Protein chains: 2
Amino acid sequence: MRKISESTIHRLSLYYRTLVSLQRERYITVSSRELAKRDKLTPAQVRKDLSFFGSFGTRGLGYPVNELKDKIASILGLNRTWNVALVGVGNVGSALVSYKEFPRQGFVIKKIFDNDQRKIGKNHKGILVSDVRNLAKELKEDRIEIVVLAVPASAAQSVVDEVVSAGVHTILNFAPTNLKVPDNVVLRTVNMAMELEHLSFALSNRGKIKEL
Amino acid sequence: MRKISESTIHRLSLYYRTLVSLQRERYITVSSRELAKRDKLTPAQVRKDLSFFGSFGTRGLGYPVNELKDKIASILGLNRTWNVALVGVGNVGSALVSYKEFPRQGFVIKKIFDNDQRKIGKNHKGILVSDVRNLAKELKEDRIEIVVLAVPASAAQSVVDEVVSAGVHTILNFAPTNLKVPDNVVLRTVNMAMELEHLSFALSNRGKIKEL
DNA sequence: TAAAATATGTGAAAGTATTCACAACGCTAT
DNA sequence: ATAGCGTTGTGAATACTTTCACATATTTTA
């Protein structure tokens, strides 16, 4: 299979959500045109994206909603559950524990870690907070596959180093800092301030932005 | 000025953060090579990005750290404060109220709205929660420029409609749903589940992803 | 003060991503 | 059956982004 671009994956996520809606609306089939309209894309883009993975449509008719949804779920790895650990249960961490979309898509938080004695041993949505000093050991024990990092920027790099050395190679980082990881580690950083910066750029430079 | 691409803006945000670090490390000047290394980019990319906005460097020497930082701040609209309102003070909303990067970059939350009577009138970090029924009126009164949306998916569209009709054209949405807005409105959606989907795709398809 | 070293700024080339445009195919109606 | 319509799947064309490569300018060294 040829390499798939970041933007295609992002759009697959969009299609997935749209297909869930279409399913609720009792659509049986959907055309690339309708799918494109709902996600503000072009029909050709939709068809091209899907064509990277196979031919799922029927000419003259469109794509079968249920089938396509399942197919995309399987491409995105949503047809199974993933063992997730959360490190840092401050403001952002607490929000993530309660984020209903995670379990809904198969991302199950199995462990929570913190370094604050007042938090360790406390219960968050049925999960006891572990001491971050046992991080490596417990990540292995629980076969954690994805770590979500919600610690202060200053602590992030050292936690990442330990996570990586414990064999977890997939990290979603909410700490507002650049992290160094080996090449075989997949790291995504979500920085909410950077999102706002796009908006302030747009406000400061009306018309100079390409798309948004 | 020619149109600037999304990716360039994103990288400007990265440069800005890196320059802040360099400033703390007492760097006086920095080369495109060093900047690129820290942000995992190429020197040519850095120079090209900056060249869209002017010539800030000195040949043989590099870029002046302080000056370049200020220049990028001004390009991104960070050399001033923005009046922000938060709608929805649930798990995600509460985290955002306490997010220290926001005020640090000039994004000042002036108002908080919710529809839950138990929350209205309560104090969050010194801000009283208003009734969302007064949304339009108070957005205007306080000259709010950016709205951050942290309401459930089901409520998001109707809040957006009201925000837009109140004249606010810049929205950061955390609700996991696709929103319809007029063309002149700048809407950015942050969907944390979609971020995890990139990771599960990467895990499920090791090697098939182009970059991450 | 001149030569060597360093690093920018930028056209041109290479590489990617998106859109076009249409042949191919399956449905629907008669 | 068959005509006509609708929609996919996909090479080719276009548009966009990144990288290359080098002329140009400045600093450093001796």
Side-chain angles (χ1 to χ4, degrees), chain A residues 1-15 18-19 22 27-69 71-72 75 198 208-212, chain B residues 1-15 18-19 22 27-69 71-72 75 198 208-212:
Chain A
M1 187 197 270
R2 62 170 272 208
K3 295 257 173 128
I4 302 301
S5 78
E6 277 286 290
S7 0
T8 295
I9 301 164
H10 178 83
R11 287 190 299 265
L12 286 180
S13 278
L14 294 176
Y15 303 151
T18 303
L19 287 161
L22 289 164
Y27 275 66
I28 302 304
T29 60
V30 63
S31 63
S32 57
R33 182 138 67 79
E34 176 67 15
L35 221 33
K37 191 181 143 212
R38 295 197 178 212
D39 289 329
K40 298 206 197 96
L41 301 165
T42 62
Q45 177 88 82
V46 172
R47 296 200 299 275
K48 183 66 97 181
D49 283 338
L50 296 176
S51 78
F52 293 141
F53 301 94
S55 317
F56 310 121
T58 307
R59 287 162 199 237
L61 191 61
Y63 300 91
V65 172
N66 292 346
E67 233 174 285
L68 185 60
K69 191 199 105 190
K71 183 67 197 177
I72 293 180
I75 293 166
H198 275 254
K208 286 181 208 149
I209 198 167
K210 196 144 209 163
E211 53 179 311
L212 199 67
Chain B
M1 186 197 272
R2 63 169 272 210
K3 295 256 174 132
I4 302 301
S5 79
E6 278 287 290
S7 357
T8 295
I9 300 164
H10 180 81
R11 286 190 300 266
L12 286 180
S13 279
L14 294 177
Y15 303 151
T18 303
L19 287 162
L22 289 165
Y27 276 65
I28 302 304
T29 59
V30 63
S31 64
S32 57
R33 183 138 68 80
E34 176 67 16
L35 222 34
K37 192 181 142 211
R38 297 197 177 211
D39 289 328
K40 297 205 197 100
L41 302 165
T42 64
Q45 178 87 84
V46 172
R47 295 201 299 276
K48 185 65 97 180
D49 282 339
L50 296 176
S51 78
F52 293 142
F53 301 94
S55 318
F56 311 121
T58 306
R59 288 163 196 231
L61 191 62
Y63 300 91
V65 172
N66 292 346
E67 233 175 285
L68 185 60
K69 192 200 103 189
K71 184 67 198 178
I72 293 180
I75 293 166
H198 276 255
K208 285 181 208 147
I209 198 169
K210 195 145 209 159
E211 51 177 315
L212 200 68

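Lettering follows sequence order; numbering is per chain, from 1. Quantities reported herein were computed from a predicted structural model and do not represent experimental measurements.
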Applying side chain to side chain contact (heavy atoms under 4.5 Å, CB included) to B/Phe53 and B/Ile4, what does each step give before you reach the verdict? CA-CA 10 Å; B/Phe53 301 94; B/Ile4 302 301; 3.9 Å; yes
Rounded to whole Å, the CD-C1' distance (A/Glu67 to D/dT8) equals 15 Å
Report yes or no: do A/Thr18 and A/Arg38 form a side-chain donor-acceptor pair below 3.5 Å? no
Measure from the side chain of B/Ala44, starting at C-beta and using heavy atoms only, and say which of D/dT19, C/dT19, D/dT8 lies closest. D/dT19
C/dT8, OP1 or OP2 - any side-chain N/O from B/Ser32 closer than 4.0 Å? yes
When the distance from CZ of A/Arg33 to C1' of D/dC5 is rounded to whole Å, what number comes out? 13 Å
Without decimals, in angstroms, what is the distance between B/Asp49 CG and C/dG9 P? 12 Å
Over all strands shown, is A/Thr8 touching base, sugar-phosphate only, or nothing at heavy-atom distances under 4.0 angstrom? nothing
Mind calculating the distance between CZ (A/Arg47) and C1' (C/dC22) to the nearest angstrom? 11 Å
So, is B/Gln45 near the phosphate of D/dT19, with a side-chain N or O under 4.0 Å from OP1 or OP2? yes
Please tell me if B/Thr58 has a side-chain N or O lying less than 4.0 Å from either OP1 or OP2 of D/dT26. no
How close or far is atom C1' of D/dG9 from atom CG of A/Leu50, stated in whole angstroms? 11 Å
The side chain of A/Lys48 is closest to which nucleotide in this list: D/dT19, D/dT10, D/dT17? D/dT10
Roughly, in whole Å, what's the span from CZ in B/Phe52 to C1' in D/dT19? 12 Å
Which pairs with one or both residues in residues 52-67 of chain A pass side chain to side chain donor-acceptor pair (under 3.5 Å), sequence neighbours excluded? A/Gln23-A/Asn66
Testing B/Lys37, B/Gln45, B/Arg47 for side chain to side chain donor-acceptor pair (under 3.5 Å) with B/Ser32, which one passes? B/Arg47
Take the protein atom CZ of B/Phe56 and the nucleotide atom C1' of C/dT10, then report the distance between them rounded to whole Å. 15 Å
Distance below 4.0 Å between B/Tyr63 side-chain N/O and C/dG9 OP1 or OP2: yes
Can you tell me how far P of D/dT17 sits from CG of B/Leu41, to the nearest Å? 15 Å
Can you give the dot-bracket line for DNA chain D, using ( ) for pairs inside the strand, [ ] for pairs that cross earlier ones, | for pairs with another strand and . for unpaired bases, where Watson-Crick and G-U count if both distances are under 3.5 Å? ||||||||||||||||||||||||||||||
With respect to the side chain of A/Thr42, which nucleotide from C/dT10, C/dT19, D/dG9 is positioned closest? C/dT19
Donor-acceptor pair under 3.5 Å, B/Arg59 side chain vs C/dT8 base: yes
